[in-house]
Amino acid sequence: FEKPARGEYEHAKAEYAKIPPNVKPWAKRARIGFASTLARQRRFDEAIDALRAILTEDPSDAEVVALLSRTLTKAKQFDRAEALCRSYLA
């Protein structure tokens, strides 16, 4: 497995950022993709903030909950990841 070049991440984020916020459902998909790219760059704090913002708009989005949980785990925030999953399943 080859790690993508740094420029590829930046290119991906630039492409996601081109999507206007009022273009549904693509705007939300772009925000999730942007946050996912941040997480892949190990920029966990930024990814967590972005995912939490998306989740406040739609707390029932299982994809965002799963991605946020994985990102919290990678950031070694195990208690927060567990609490997120438990609250989602409750």
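Nothing fancy with the numbering, it's 1 onward along the sequence.
Hydrophobic cluster membership differs between Tyr9 and Leu38, with clusters built from Ile, Leu, Val, Met, Phe, Trp and Tyr side chains linked at under 4.5 angstrom. In terms of hydrophobic clustering, with Ile, Leu, Val, Met, Phe, Trp and Tyr side chains grouped at heavy-atom distances under 4.5 Å, Tyr88 and Val64 are assigned to a common cluster. Residues Leu67 and Ile48 share a hydrophobic cluster, clusters being chains of Ile/Leu/Val/Met/Phe/Trp/Tyr side chains in contact below 4.5 Å. In the hydrophobic cluster analysis, where Ile, Leu, Val, Met, Phe, Trp and Tyr join through side-chain heavy atoms closer than 4.5 angstrom, Ile32 is grouped together with Leu84. Both Leu72 and Ile54 are assigned to one and the same hydrophobic cluster, defined by single-linkage of ILVMFWY side chains at heavy-atom distances under 4.5 Å.
Side chains of Arg86 and Leu89 form no contact here, defined as non-hydrogen atoms less than 4.5 Å apart. Residues Phe44 and Arg42 have side chains in contact (heavy-atom distance under 4.5 Å, counting atoms from C-beta outward).
Rounding to the nearest 0.5 angstrom, the gap separating the CZ atom in Arg29 from the CD1 atom in Ile19 is 11.5 Å. The NE2 atom of His11 sits 4.0 Å away from atom CD of Glu15, with the distance rounded to the nearest 0.5 Å. Separating the CD atom in Glu63 from the CG atom in Leu55 is a distance of 11.5 Å, to the nearest 0.5 Å.
By the 4.0 Å N-to-carboxylate-O rule, Glu57 lies too far from Arg52 to be salt-bridged with it.
Considering every non-hydrogen atom in both Ala50 and Ala35, the closest pair reads CB-CB, 3.9 Å. Nearest heavy atom pair, residue Thr73 against residue Phe78, reads O-CE2, 3.5 Å. The shortest non-hydrogen separation linking Phe34 to Tyr16 is N-CD1, 3.5 Å.
Of the N and O atoms on the side chains of Ser36 and Arg40, at least one donor lies less than 3.5 Å from an acceptor on the other residue.
Not counting sequence neighbours, the partners of Asp58 by the side-chain contact (heavy atoms from CB on, under 4.5 Å) test are Lys28, Ser60, Asp61. Checked against side-chain contact (heavy atoms from CB on, under 4.5 Å), Pro21 has no partners two or more places apart in sequence or in another chain. Partners of Arg80 under the salt bridge (charged side-chain N to carboxylate O under 4.0 Å, His left out) rule, at least two apart in sequence or in another chain, do not exist in this structure.
Surrounding CG of Asn22 are more than 12 heavy atoms belonging to other residues, nucleotides or ligands, all under 6.0 Å away.
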- Task: Applying side chain to side chain donor-acceptor pair (under 3.5 Å), run through Glu46 and Gln41 and close with a yes or a no.
- Result: CA-CA 10 Å; Glu46 293 171 81; Gln41 289 180 293; over 6 Å; no

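Between the side chain of Ser69 and the backbone N or O of Val65, no donor-acceptor pair lies under 3.5 Å.
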